[in-house]
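Residue numbering restarts at 1 for every chain, and letters A, B, ... go by the order of the sequence lines.
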Amino acid sequence: MIGCFYILDFSYDVEEGKPVIYIWAIDKEGNRVAVLEKNFRPYFYAILDDSADTNKVAEDIKRLSVSQSPITSVKLEERKYYGNPVKVLRIETVIPAYVRTYRDKVAKVRGVKEVVEADIRFYMRYSIDNDLKPFNWFKAEVEEIQDSKLRVKKVYELKKIIQIYEDKPPELRIMAFDIEVYNKYGSPNPRRDPVIIIGVWTNNGGKQLVMKDDDLEIIREFAKFVLDYDPDIILGYNSNGFDWPYLLERVNSRGVKLDIGRKVNSEPSQGTYGHYSVVGRLNVDLLGFASSIAEVKVKSLDNIADYLGVVKKTERVNLEWYQIPEYWSDPSKRDILLKYNMDDVRSTYLLKDVFLPFGEQLTMITGLPLDQLSMASVGYRVEWLLMREAYKFNEIIPNRVEREYESYKGGLVISPAPGIHEGVYVLDFSSMYPSIMIKYNIGPDTLVKGECEDCWVAPEVGHKFRKSPDGFYKRILQKLVEERKAVKSKMPTEKDEYERRRLDERQRALKVMANAFYGYMGWLGARWYSKEGAEAVTAWGREIISSVAKLVEERGFKVIYGDTDSVFIKGSGNVDSLVNEIMNKFGLEIKIDKIYKKIFFTENKKRYAGITEDGKIDIVGFEAVRGDWCDLAKDLQRRVIEKILTSGVDEAVKLVRDVIMKIRRKEVPIQDLVIWKSLDKSLEEYEVDAPHVNAAKKAMKAGYVIFKGGKIGYVIVKGSGKISERAEPYFMVSDINRIDIDYYIDKQIVPSAMRILEQFGIKESTLKNTSFDILNFFKK
DNA sequence: ATCTTCCGGGG
DNA sequence: GTGTACGGAAGAT
């Protein structure tokens, strides 16, 4: 029969000594199905020495065959390696794990120069070779089979792929979840501390499972809920880092399995570090997408949801994690905790509208399934796209090579003019680096060392790149740019709003991918690494941005700051015509990215804060909100920035002095002075006695159990000796008189305020010397 | 300054 | 599962 299937994910198993690839999919009728490919076999290549006797090498390789997974074929092929034709032997076996065994042995055979493509995950190999990408449809000849182990409506065996195409996706079932655990004094231990609440959210709204006597009951209920609702996508926030491992250890330590996959008896299993895969479903950790939002420094769920306007902080219950036991144990407060959990899981669910349409497009471009894509760094995303393209170009995928870090000169940063400026325009070349890579045909395969007749020569560094034929990067980048152009031209005429949104996400994803190529090329882990290429890109970039700065000044504007591909300018001329002139002169897309009503710079590069016309404050580069500063200092820095932009320096100084006076008068709750740090090792493993390590040791001595991976909150108390010796767990200090006020003033409040105020000529002593305020007091 | 260790999100 | 993050900043030297 013929069927059409929308691909969700791939997995594989070895059954009766043979690999079976599972294509988890949805059919035209909306049934969840599995399409099984039983005939695909793992393989890899051996690149031969020019002088090698092909037949002899092939015979030698065949002789390595073992009966558990025999070498089934060794075939000569013509392929390309960095653009040059090479002879390779394609070596095929049966069981994927044996590729590893054979690759080491084959590498030692005489006449073999290098073994390649032996480190590509089996089901991805299948996906690349057949151009099957998740979130695409394929039409195929299939035969229905029975398999009671699979929790899907129908199971098919794949006979022949007829066509792969893009079409509207089916409605996906999406579920978000979030657990709360009991965590009195420090980090929760899954062998001891129960899961007290499990919140889930689907398009039917929220549901909460609350522990009564034994949390095993609610975890079982949760597993049953998953199987009943049968989600295609399971959303969490840091679920790979916390919820999954916690749930798993919680049940496994009591001999129970968390059986929630689309295959019977399949638990979520740890894949590449930190990623949990649920068979047949896409387990997506939205933190992976949130990490790319540079504007939000602390990527907590509430911060991200607030920033994206999904759930505002003012519209939700805000609790700190250490308040959980208190709100759980106190019957009058428990409802607030339940609401807190619902707000978290609702936020997670609603974030899907922001992240999934974009993730869907990235998956369609890279072919990386959404669950892996959410965790993969930008480099891996780019690389999957490159690997797919390489296959189409008959190019061999180079191996990963261990490389020594070599620094090279980056983008040009024009030193800021410190102080406050008004009416500042930010002009931004949004695609400068990919444009340079295309224009100058940059890449490892086009680099010419030595004499070159017809090459582009990079300024400053002198690297040469041949003008033709087009290199690997250039060809792919051009495809991305052209597709983006086509998508953008389709958008205005698209009537369907949903479809228009998809097109917009597509063009954005294409741009993001293209912009990531430069970073990829200079990433030490890149298969297609080219230090010379990356160095040349920044060199051409510096040339462009300094020419632009010169032109801007010639037109009567003042350049206040510039970084890599942007210039901050002010002046009374016509900015729009300036933008047009730059665009024509340099042949690059440039736009007015932002207009700041007020902005201030410190002497440091990459650090400024500004307020736009609509009153939005951007804080860039300041460590305003790091987790390891106490709340008092974090809050103060943010308020100092706001005051400077809205009222002026004097008001900001007054604010700091007020806070210092307050703490001197001990009018600050201890809670605001707690510094939180994570313990990433067990206590014995630490070689230095850092404050948080000491505090944790004291807590242990007092009978509290502190575990690796948890957070410890401490305060610094008065006394003699090193600071680290005076760190005490916050819950062991209830008397504010024990607090070392000077430490907080000198190491927390003043430094965080001075990061801003030193630019305005304020001295530390001005902030700290609050005694003469008594005079002011009497004046009033 | 340069090298090494720590950290993130979650509860 | 054909494998084992990563990039930046604080702390140490």
Exercise for the section: Answer with base, sugar-phosphate or nothing: what part of the nucleic acid does Ile120(A) contact at a heavy-atom distance below 4.0 Å? Expected result: base
Practice task
May I ask you to say what Trp523(A) touches in the nucleic acid, namely base, sugar-phosphate or nothing, with a heavy-atom cut-off under 4.0 Å?
Solution key: sugar-phosphate
Exercise for the section: Could you check whether the rings of Trp244(A) and Phe222(A) sit parallel, tilted or perpendicular, using 30° and 60° as the cut-offs? Expected result: tilted
Practice task
Name the closest nucleotide to the Leu301(A) side chain, picking from dC6(C), dG10(B), dG11(B).
Solution key: dG10(B)
Practice task
Nearest whole angstrom, please: distance from the P of dG9(B) to the CE of Met375(A).
Solution key: 13 Å
Problem - Check: Ile716(A) main-chain N/O paired with Tyr744(A) side-chain donor or acceptor under 3.5 Å - result: yes
Handout entry: Nucleotide nearest Leu287(A) when distance is taken to its side chain, options dG11(B), dG9(B), dC6(C)
Key = dG9(B)
Practice task
Could you check whether Tyr246(A) gets within reach of a base, just the sugar-phosphate, or nothing at all, counting any heavy atom under 4.0 Å?
Solution key: nothing
Exercise for the section: Side chain of Trp321(A) only, please: which of dG11(B), dG1(C), dA5(C) is the nearest? Expected result: dG11(B)
Handout entry: Interatomic distance, Asp104(A) CG vs dT2(C) P [rounded to whole Å]
Key = 15 Å
Fill in the blank from the handout: Winner on side-chain proximity to Asp344(A), out of dA5(C), dG11(B), dG10(B), is dG11(B)
Problem - Test log, rule salt bridge (Lys or Arg N to Asp or Glu O under 4.0 Å), inputs Arg79(A) and Glu395(A) - result: CA-CA 6 Å; Arg79(A) 304 208 55 193; Glu395(A) 271 283 337; over 6 Å; no
Completion exercise
With the side chain defined as heavy atoms from C-beta on, Lys299(A) is closest, among dT2(C), dG11(B), dG9(B), to dG9(B)
Handout entry: Residue whose closest nucleotide on DNA chain C lies nearer the 5' end, Arg400(A) versus Val378(A)
Key = Arg400(A)
Practice task
Remember a base hit wins even if backbone is also touched, and classify Tyr237(A) as base, sugar-phosphate or nothing at under 4.0 Å, heavy atoms.
Solution key: sugar-phosphate
Handout entry: Nearest-angstrom distance, C1' atom, dA5(C) to dC7(B)
Key = 13 Å
Handout entry: Contact under 4.0 Å: Tyr126(A) side-chain N or O vs dT2(C) OP1/OP2
Key = no
Practice task
Give a yes or no on whether the ring-centroid distance for Trp24(A) and Tyr22(A) is below 6.0 angstrom.
Solution key: yes
Handout entry: Nucleotide nearest Arg100(A) (side chain, heavy atoms from C-beta), chosen from dC6(C), dT4(C), dG11(B)
Key = dT4(C)
Practice task
Between dG11(B) and dC6(C), how far apart are the P atoms? Round to whole Å, please.
Solution key: 26 Å
Handout entry: N or O in side chain of Ser300(A) less than 4.0 angstrom from dG9(B) OP1/OP2
Key = no
Exercise for the section: Using whole Å, report how far CE of Met387(A) lies from P of dG3(C). Expected result: 12 Å
Practice task
Tell me what Asp178(A) touches on the nucleic acid: a base, only sugar-phosphate, or nothing, going by heavy atoms under 4.0 Å.
Solution key: sugar-phosphate
Practice task
May I ask you to decide if the ring planes of Tyr43(A) and Phe40(A) are parallel, tilted or perpendicular, using 30° and 60° as cut-offs?
Solution key: perpendicular
Handout entry: Rounded distance (Å) that lies between atom C1' of dG8(B) and atom CD1 of Ile293(A)
Key = 15 Å
Practice task
Check whether any side-chain nitrogen or oxygen of Arg250(A) sits under 4.0 Å from OP1 or OP2 of dG11(B), and answer yes or no.
Solution key: no
Exercise for the section: Round to the nearest Å and state the distance from Asp343(A) atom CG to dG11(B) atom P. Expected result: 12 Å
Problem - From dG11(B), dG9(B), dT2(C), nucleotide with atom closest to Val181(A) side chain - result: dG11(B)
Problem - Pairing of Arg103(A) and Glu117(A) as salt bridge, 4.0 angstrom limit - result: no
Exercise for the section: Check whether the aromatic ring of Phe242(A) stacks on the base of dG10(B), taking stacking as ring centres less than 5.5 Å apart and planes within 30° of each other. Expected result: no
Handout entry: Residue-phosphate contact under 4.0 Å: Tyr340(A) side-chain N/O, dG11(B) OP1/OP2
Key = yes
Handout entry: From dA5(C), dG3(C), dG1(C), nucleotide with atom closest to Tyr12(A) side chain
Key = dG1(C)
Exercise for the section: Quick one: label Asn303(A) by what it contacts on the DNA or RNA (base, sugar-phosphate, nothing), any heavy atom closer than 4.0 Å. Expected result: nothing
